Undergrad: 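Please see the structure below; I have some questions.
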Amino acid sequence: MTKETLVKNTFQGLPPGVCVPWEQKEKELGEIKGDPAIIKKEWEQLEAFAYMYIWGWVHR
Amino acid sequence: MSDDKFKLLEERKTRYLAAMNLEKPDKVPIRLMLSEFSAKHAGYTFQEIYYELDKNIDCVNKLLNDFDLDTTGGAPSLWWASLHDAVGAKYLKFAGRELDVNTQFQYHEEEYMLAEDYDAFIENPTEWILNTYMPRIHKEFAEPGSYRANVALIKGGIGMLTQLGANQKAWGTWAPEYGGVPTFTAFSKAPFDTLADTLRGLSGIMMDLYQRPEKVKAAIEALIPHNIFYGMATSGGEMEFPLFIPLHRGAFPFLNPKQWKEFYWPSLKKVIEAFWANGKRTLFYAEGNWTPYLESIAELPEKSIVFHVDMTDMAQAKKILGGRFCISGNVPNTMLAFGKPDEVKEYVKRLIDEYAADGGFIIDAAAVILADAKEENIRALIEAAREYGVY
Amino acid sequence: MHHLTDELSIAIVGLEEEKVMALVKERLQAGVKPLDIVKKLQDGMTEVGNLFEAQEYYLSELINCGAIMKAAMVELEPHLAGSEQEYRGNIVIGTVKGDIHDLGKDIVVMLLKGTGYNVLDLGVDVPPEKFVDAVKEHNAPLLALSVLLTSCLESMKEAVTAVKEAGLDVKVLIGGPMIDDKVTAYCGADFGSTLANDGVKIAEKVIGA
């Protein structure tokens with residue numbers, strides 16, 4: 001294993017199931033014209049999938 | 001679904017659930033983890049079942065057709081070699097590529113996480129895994145951001161969903177058409193094992209215990225919520241059947257008793273208790289010998305686990321855990337490979353006579369059944385369980 | 001606990017890495033013969049093997065001790081050049097074909113090396129003919145075969161058969177978690193064990209102390 005692959009983290013202490021927190025995304029989206037709850041729910045669902053993909057390579 | 005298959009499914013399910021709830025079912029349930037054995041039985045090479053999802057799944061169709069099993073572990077190969085190739089995963093070696101077509105897949109252990117990675121891992125394990133660990137274990141992902149790496153990520157994500165979908169679809173057939181009952185419906189690990197198996201490796205973690213014990217503890221602490229989430233997420237809301245935890249480095253004699261109590265047990269206990277609080281039981285698949293730790297394991301909430309006996313002393317397990325948890329096991333795999341059907345029958349009879357009388361018992365082999373097991377011995381095991389296992 | 005009197009041997013048993021390294025350097029500077037230092041390290045290692053057998057030490061202690069031993073040997077190696085290290089005998093070892101697990105084998109190698117044998121480690125996934133060649137080449141009186149997967153016992157049997165058929169004057173020890181009398185007989189081996197320290201005992205029996 002080489003040290004070159006060490007990369008600094010972007011986030012600290014993300015909870016399980018989260019890769020890019022909704023709070024961060026929400027700031028980037030700016031004004032939401034419709035119901036933010038729908039967008040949040042959908043965002044978080046796909047977040048959980050990505051999370052499971054990442055951790056699936058560790059839990060074996 | 002035909003009426004008799006539906007009846008069979010209900011009978012088996014009731015039997016399995018009753019035993020896990022410490023009740024006396026009509027018969028002692030039979031649960032065999034038939035892995036590569038089922039490839040041999042179905043007439044496929046290992047390469048075929050590792051690489052081709054339909055053949056991996058078809059093995060189970062044949063098993064369910066030919067053997068009277070109360071529960072089934074699902075498709076024999078947990079890992080899809082094609083997906084591993086798509087991302088260039090290094091740590092499993094598969095038949096048909098690096099190994100002969102009928103050689104058991106194997107794990108290639110390395111220190112994929114270095115001692116100096118602890119701080120970044122503890123700070124944010126999810127990001128560390130993607131940024132640092134994945135480029136090391138997936139050759140195609142070695143240069144994140146490159147064309148190859150991007151393609152590998154796309155293929156990896158699609159591949160994982162494809163495999164998941166294929167297995168889900170298969171259960172849609174196994175249950176109604178064959179009366180197949182799942183042995184487990186979710187998966188997680190002991191936090192210590194997560195760190196020791198794929199991340200630090202055995203020699204890495206063993207040195208860490210002496211050289212940086214505080215980092216080990218902090219990493220394990222950071223893993224607890226993730227291992228709980230992973231288990232509950234894989235269960236997908238299914239709560240009747242257990243969650244499978246294959247337990248590795250907590251076996252005797254990896255850690256001394258002080259280390260076991262300090263590093264292995266508290267986090268595993270928290271994870272199992274969290275599952276139980278959420279209504280999910282754990283299949284405590286204790287690989288190797290766990291005899292010295294039975295007293296600690298007895299601290300878990302009643303019925304929260306099924307304790308599986310591999311090389312643990314069965315008499316001690318029954319004495320200390322019996323009446324508290326369902327116990328499963330432990331027909332020796334060497335007997336299934338090299339013994340005679342009469343010996344197997346005798347062993348099964350003795351297990352049932354000595355340990356199953358008051359319920360809460362499941363008959364199983366000691367470990368996952370590989371291709372060395374003889375079909376006549378598997379048949380003898382099932383026959384004996386049905387002959388002597390009626391309450 | 002043990003009858004060791006030498007400070008270095010005791011430090012090895014106590015897994016005191018810094019002390020071990022300091023003592024090795026100190027003794028080298030004081031002109032102690034490097035081989036005598038190795039001998040003291042081996043005495044400690046032998047005791048660690050005994051403690052493991054007595055279930056007072058676990059794999060964590062054993063692996064850690066192996067790492068300390070390795071570090072000490074790195075320090076000693078340049079000084080050993082030229083001085084003929086006397087081994088108690090040659091032992092060929094490896095994990096059989098089809099199996100790439102090295103944990104059990106490595107522990108046995110560590111104990112055998114640590115107690116003064118010349119161990120020729122062929123690694124993992126070793127085909128039968130390589131065992132035959134190595135036993136011939138090194139005129140080894142003992143061959144040790146390791147296996148973890150029950151499905152590789154067939155390949156264990158093939159390796160034993162190949163060695164026996166080659167008519168070599170070698171005893172074969174097989175080791176792995178599922179090895180019992182039945183499996184030993186099935187494979188045609190002379191000795192079988194699940195315990196790492198048995199490797200040392202059987203080596204003593206076959207080769208002599």
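Keep in mind it's a predicted model, so treat the numbers as computed, not measured. Only this structure's heavy atoms are used, side chains among them; waters, hydrogens and symmetry mates stay out. The chains referred to below are lettered A, B, ... by the order of the sequence lines, with proteins before strands, and numbering in each begins at 1.
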Undergrad: Are B:Lys93 and B:Tyr107 in a cation-pi contact, defined as NZ or CZ under 6.0 Å from the six-membered ring centre and within 45° of the axis?
TA: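 Checked: cation-pi criterion not met.
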Undergrad: Quick check on B:Leu199 against chain A: is it the side chain, the backbone, both or neither that has a heavy atom closer than 4.5 Å?
TA: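 The side chain, not the backbone.
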Undergrad: Is chain A contacted by the side chain of B:Leu161, its backbone, both, or neither, given a heavy-atom distance below 4.5 Å?
TA: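 Contact with chain A involves the side chain of B:Leu161 alone.
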Undergrad: Would A:Arg60 count as a cation-pi partner of B:Trp79, with NZ or CZ less than 6.0 Å from the six-membered ring centre and within 45° of the ring normal?
TA: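 Checked: cation-pi criterion met.
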Undergrad: Under a 4.5 Å cutoff for heavy-atom pairs, which residue among B:Gly156, B:Ala233, B:Pro125 has the most contacts with chain A?
TA: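 Heavy-atom pairs under 4.5 Å are most numerous for B:Gly156.
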Undergrad: Let's go through A:Tyr51 and B:Phe229 carefully: what are the C-alpha distance in whole Å and the side-chain angles of both, what is the deciding distance for ring-ring contact (aromatic ring centres under 6.0 Å, His included) to 0.1 Å, and is it a yes or a no?
TA: CA-CA 10 Å; A:Tyr51 171 91; B:Phe229 183 93; 5.1 Å; yes
Undergrad: Under a 4.5 Å heavy-atom cutoff, which of B:Thr198, B:Ile137, B:Leu130, B:Asn124 has the most pairs with chain A?
TA: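 Among B:Thr198, B:Ile137, B:Leu130, B:Asn124, the one with the most close pairs to chain A is B:Asn124.
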Undergrad: Less than 4.5 Å to any heavy atom of chain A: does that hold for the side chain of B:Leu92, its backbone, both, or neither?
TA: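 Just its side chain gets close to chain A.
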Undergrad: Which bit of B:Leu223 comes within less than 4.5 Å of chain A, counting heavy atoms only: side chain, backbone, both or neither?
TA: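 Side chain only.
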Undergrad: Distance-only, no hydrogens or angles: does the B:Asn227 side chain make a donor-acceptor pair with backbone N or O of B:Ser188 under 3.5 Å?
TA: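 No, because the side chain of B:Asn227 does not come within donor-acceptor range (under 3.5 Å) of the backbone of B:Ser188.
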Undergrad: Name the region of B:Ala89, side chain, backbone, both or neither, that has any atom closer than 4.5 Å to a heavy atom of chain A.
TA: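 When you check distances to chain A, only side chain atoms of B:Ala89 fall under 4.5 Å.
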Undergrad: Are the aromatic rings of B:Phe241 and B:Phe184 close, with centres under 6.0 Å apart?
TA: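 No, too far apart.
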Undergrad: So which atom in B:His308 and which in B:Ala367 form the shortest heavy-atom distance, rounded to 0.1 Å?
TA: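 Nearest heavy atoms, B:His308 then B:Ala367: NE2-N, 4.5 Å.
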Undergrad: Which atoms of B:Ile228 are under 4.5 Å from chain A, going by heavy atoms: the side chain, the backbone, both sets, or neither?
TA: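 Contact with chain A involves no heavy atom of B:Ile228 at all.
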